[in-house]
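All of these numbers come straight from a predicted model, not from anything done at the bench. Just so it is clear: chains get the letters A, B, ... in the order the sequence lines come, proteins before strands, and each one is counted from 1.
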Amino acid sequence: MPELPEVETIKNNLQEILPLRIKELELRREDILRSRDYALKELAGQSIEEVSRRGKYLILAVDNGLFLVFHLGMSGRLYIQEEELTLLEPHVHVIIHLDKPFKLLYQDARRFGGLWLLKDIDSFFSRLGKEPLSEEFSPRYLAQILKGRQTAIKNLLLNQSLISGLGNIYADEALFIAGIRPDRKADSLSLREIEGLCCGIKEVLAKSIKYRGTTFRDYRDGRRQPGEFQKHLQVYGRFNQACPTCGQPLKRSRIGGRSSHYCDKCQQ
DNA sequence: CGCTAGTCCTGTCTGC
DNA sequence: TGCAGACAGGACTAGC
């Protein structure tokens, strides 16, 4: 699914077309709306002035203080389509009709994603951990959240209440950059390894944003274009292929129910 | 509290 | 070609 770099890319796409005046939000499947602090009708005639991201969530700020929050789950897409193009792809669950020659579509085959209509986003996002690209996300913070944890480091990187925005792809890539096996107990990392991991996380996320995210299958950006970072992945999805550093075939195993990709030789 | 396994969905790929 | 089963980028929960 879209992880931090993919959601950031969509955010950047949408920022270029602001402001967006909403004519109507058409909800084509009720269960996509996860919770609601206000009625859909309140959105009519309002304008979206600001788009932001928190973890893997995309936040559209409406000018009367309301918020539209999307999470794209595994297969969600949020993209613009010309207004006169009435033919819809399957699984388009939300259409935001705009005062412009295009509309904003939310498409999600697996429906793990969803939409929240919120008045107070602070409490909604209070359960999320630090943003990995922020200055606050430091080796010191990482050391603090690893301390005493017996779970595999990979599991910890995916825990959104500790670090918000990392998913399976970038967790594997960051661990490879840092030379740390994904099944290492979190508590067993040295300070040096923690520093390397902190750098690795920031590095891989920043680079992926530069390449507009990773498209394995489903992901598309706000213009419905695939990303390019899949060409730069070093371990994810490369089971049995040569390690980019040492040439040995890469390994794959299951950690916390998720597939993990790593090099037996380069990661300790 | 920490952690694991199961669950929600559909689409795609693999192997028989 | 058909079909069953595994698997997929996430996150919540029940239960130990």
5'-most contact on DNA chain B: Arg217(A) or Asn155(A), nearest heavy atom basis? Asn155(A)
Starting at CD1 of Ile145(A) and ending at P of dC1(B), how long is that distance when rounded to a whole Å? 17 Å
Glu228(A) side chain reached by Lys210(A) side chain, heavy atoms, under 4.5 Å: no
With side chain to side chain contact (heavy atoms under 4.5 Å, CB included) as the test, pick out the partner of Ile153(A) among Ile180(A), Asp183(A), Asp187(A), Ile255(A). Ile180(A)
Rounded to whole Å, CZ of Arg111(A) lies from C1' of dA11(C) at a distance of 17 Å
Is any side-chain nitrogen or oxygen of Arg149(A) closer than 4.0 Å to OP1 or OP2 of dC1(B)? no
Nearest-Å distance, CG (Asp218(A)) to P (dC7(C))? 18 Å
Is it the case that atom NZ in Lys100(A) sees more than 12 heavy atoms from other parts of the structure closer than 6.0 Å? yes
Base, sugar-phosphate, or nothing for Tyr219(A), non-hydrogen atoms under 4.0 angstrom? base
Students often get this wrong, so: under 4.0 angstrom with heavy atoms, is Arg127(A) touching a base, only sugar-phosphate, or nothing? sugar-phosphate
Rounded C1' spacing from dC12(C) to dG11(B) in Å: 23 Å
Reckon Ser259(A) touches a base, only the sugar-phosphate, or nothing at all at heavy-atom distances under 4.0 Å? sugar-phosphate
What's Arg254(A) touching, base or sugar-phosphate or nothing? Going by heavy atoms closer than 4.0 Å. sugar-phosphate
Report the distance from atom CZ of Arg34(A) to atom C1' of dC12(C), rounded to the nearest whole Å. 9 Å
Got Val92(A) and Gln107(A) here, is their nearest side-chain heavy-atom distance under 4.5 Å? yes
dA11(C) phosphate, OP1 or OP2: any side-chain N/O from Arg258(A) under 4.0 angstrom? no
Give a yes/no answer on whether the side chain of His91(A) brings an N or O atom under 4.0 Å of OP1 or OP2 in dG11(B). yes
What is the distance from CD1 of Ile169(A) to C1' of dG10(C), rounded to the nearest Å? 12 Å
Using whole Å, what does the distance between atom P of nucleotide dG10(C) and atom CG of Leu58(A) come to? 17 Å
In the strands shown, is dC9(B) matched to any nucleotide by a Watson-Crick or G-U wobble pair with both distances under 3.5 Å, and which? none
Determine whether the aromatic ring of Phe112(A) stacks with the base of dC9(B), defined as ring centroids separated by less than 5.5 Å and ring planes inclined by less than 30°. no
Starting from P on dA11(C), measure out to CG on Leu128(A) and report it in whole angstrom. 9 Å
Does Gly257(A) reach a base, just sugar-phosphate, or nothing at all? Heavy atoms under 4.0 Å. nothing
What is the distance, to the nearest angstrom, from the NZ atom on Lys56(A) to the C1' atom on dA11(C)? 8 Å
Classify the side chain of Arg110(A) and the base of dA8(C) as holding, or not holding, a donor-acceptor pair under 3.5 Å. yes
Would you indicate, yes or no, if dA11(C) has its OP1 or OP2 atom less than 4.0 angstrom from a side-chain nitrogen or oxygen of His71(A)? yes
Describe the nucleic acid contact of Glu6(A) in one word from base, sugar-phosphate, nothing, applying a heavy-atom distance below 4.0 Å. nothing
Is the phosphate of dC9(B), meaning OP1 or OP2, less than 4.0 Å from a side-chain N or O of Ser75(A)? no
Nucleotide of dC3(B), dG11(B), dA11(C) approaching Ala109(A) most closely (side-chain heavy atoms): dG11(B)
Might you confirm whether atom CD of Glu84(A) has over 12 heavy atoms from other residues, nucleotides or ligands at distances under 6.0 Å? yes
Measuring centre to centre across the rings, with the benzene-like ring taken for any Trp, is Phe124(A) within less than 6.0 Å of Phe67(A)? no
